[in-house]
Amino acid sequence: MRKGLSADLITRVLGGGPKYTLAELEEKYPPRNLPEGAFVTRFSPSPTGYMHIGGLYMSLIDYKLAKQTDGVFMLRIEDTDTKREVKDAAKIIVDSMKRFGFEYNNDEVYGPYYQSQRKDVYRSVAADLLARGLAYPCFLTAEDMEKIRENQKNAGFATGIYGEFARDRDISEEDIIRHLDAGEVPSIRLYSTGNPDNRIFCKDAVRGSIGFPENNEDIVLIKSNDGLPTYHFAHLCDDHFMRTTHVVRGEEWLPSFPLHTQMFRMMGWTPPLYIHTATIDKIDPETGKQRKLSKRHDPEANVAFFLADGWPTEAIIDYLGNIAASGYEEAKVKGQVKSFWDYELRPKKIPMSGVLFDNRKLEWWAKEYIATLPVDELVKRVRDWADEYDPQWAARIGDNPEYLKNILAIERDNPKRIRKDFITWKQTLQEVSYFWDDLFLSNKEYEFNKDLLSAFLSTFDICDDKDTWWAKIVAIAADKGVKNGDVAMNLRVVLTGRTNTPDLYSIMQVMGTDKVVNRIKDVING
RNA sequence: GGUCCCAUCGUCUAGCGGUUAGGACGUCAGAUUCUCAUUCUGAAAACACGGGUUCGAUUCCCGUUGGGACUGCCA
């Protein structure tokens, strides 16, 4: 154990004195007044790029856990890595939360919620550690550490600043002053008293108690370059003073679990309950191996891509939600719950092994979801999408909104038998594009029976009711000696260019006489 | 190399010592339909391997193998 630093030295070492004592912080950030069993969670992304599907998954769990217990869900931006920070990334995250309806409650009392604005908190806690001899200023340079790492590798030792390799671990006040006088700025390191020969047990809500060798690394608490905390130290300070009860984070944090447990004990604070989630993976097309969906290599991991493609956010929530709570799907199909928000998410049931992202299943959720939408709502959602992502479609719809509504209303009257052709807003429009002459692609492959088409044309009357219309088709089939379906298929392909469409009668009604007649004539004549 | 996590149909999973190992997506087949949609019916499809413990292991323990994560003044 080292001797604590004097107040004067602490101020110099930190580049400023502590603003608060620990007791003052406790008072400033009092325990929350919440009902028994309420979860306080937080989504804490670092603004280093776009919103990732894995981040969305974690924030869904965070939000759901807080919501179902009448707790609090916070959004905390971990912008402590000034080098990797990407402009507007925080805005994208905030926007995503809004779009998916994850309402966070960033109560002012516990803020600010940007870590870069919480230096006072970190510095105050660091000062306490320094005063107690549980942390020390370290003047090792990047080159020094590189050299140490090299030597460790060559000698077969574990890399890192620990024990005898931690040069400044027991640095004297005189030496500190000497470095300071030379204009050097130290980082603040943890004075670790952990011994790898001992085991420390860490509690995970899903995996239970996990044993690790104790941590003996003097990890950096405060970085020298910007005075900001590392993840570890920020986690300790923020989740304590924000009174987080449950920390949902990726399993990549498992290795630093003993460190975090050690730090909480050192402070005499009760650690939150941890939920280390599994990653959402894909099969790497090059190696053929399963790996985490990555920001750098997988554009499909970008939530913005799902939005631009017009996936209903509800379907994405359903899909992700079912991964987190596997019983949800069955409850939903059986009608026991209306949405994911009605289904209880149990922390213990959150999966702990990596999950392959399954686009087919997402498609299924999306089809099911869109099929539940009333026409007006469907039209609205499609239009909203077009307004934001596809100006051409937006203009086209804007010219005649009723037309789109009539198209999308086809075969939507019987709620039990709604076609499930629509997957995304974008694909919905593509699916019905044949209703517009300039988008209509006549089918060049299909061998039309012009005889049948002529016969239909001569009897066609848009005013016919459905029975009359069908009777005419049956009559033509009988007359020409073909099946009813043959006549129908010829009509289907001639009008839509496709072999699979909704009800033909409805299509003709929506298209109107001119389109129907012209398209048939084009084939007969051409 | 070290530490840690994980292991049931192709995929997501139910299972918490005795089950014909269940469901969902997907796949395939059949029925209905004007259609390759919908709806309905049915089928194929899994406990990684080896040791224990036990009357009995998918289930508990150990090992092996396989997959994953970490090993930064990044999170």
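Between A/E329 and A/K332 there is no salt bridge, since no side-chain N of the basic residue sits under 4.0 Å from a carboxylate O of the acidic one. Between A/K483 and A/D486, no side-chain nitrogen of the basic residue sits less than 4.0 Å from a carboxylate oxygen of the acidic one, so the salt-bridge criterion is not met. The residues A/D81 and A/R84 are annotated as salt-bridged, a charged nitrogen and a carboxylate oxygen being separated by less than 4.0 angstrom.
Checked against B/C4, B/A14, B/C73, the side chain of A/L254 finds its nearest nucleotide in B/C4.
For the pair A/K361 and B/G26, the criterion of a side-chain N or O lying under 4.0 Å from OP1 or OP2 is not met. The shortest distance between the side-chain N/O atoms of A/K223 and the OP1/OP2 oxygens of B/C74 is below 4.0 Å. Between A/K349 and B/G15 there is a side-chain N or O to OP1 or OP2 distance below 4.0 Å. Using a 4.0 Å cut-off, no side-chain N or O of A/R291 falls inside it from OP1 or OP2 of B/G68.
Within 3.5 Å, a donor on the side chain of A/R417 pairs with an acceptor on the base of B/U38, or the reverse. No donor-acceptor contact under 3.5 Å links the side chain of A/K292 to the base of B/A69. The base of B/C12 is not paired with the side chain of A/S326 by any donor and acceptor separated by under 3.5 Å. Interface remark: the A/T230 side chain does not form any donor-acceptor pair with the B/C73 base, using a distance-only criterion of under 3.5 Å.
Partner assigned to B/C16 is none, using Watson-Crick or G-U wobble distances below 3.5 angstrom.
Of the possible donor and acceptor atoms, none in the side chain of A/D298 sits under 3.5 Å from a partner among the backbone N and O of A/E300.
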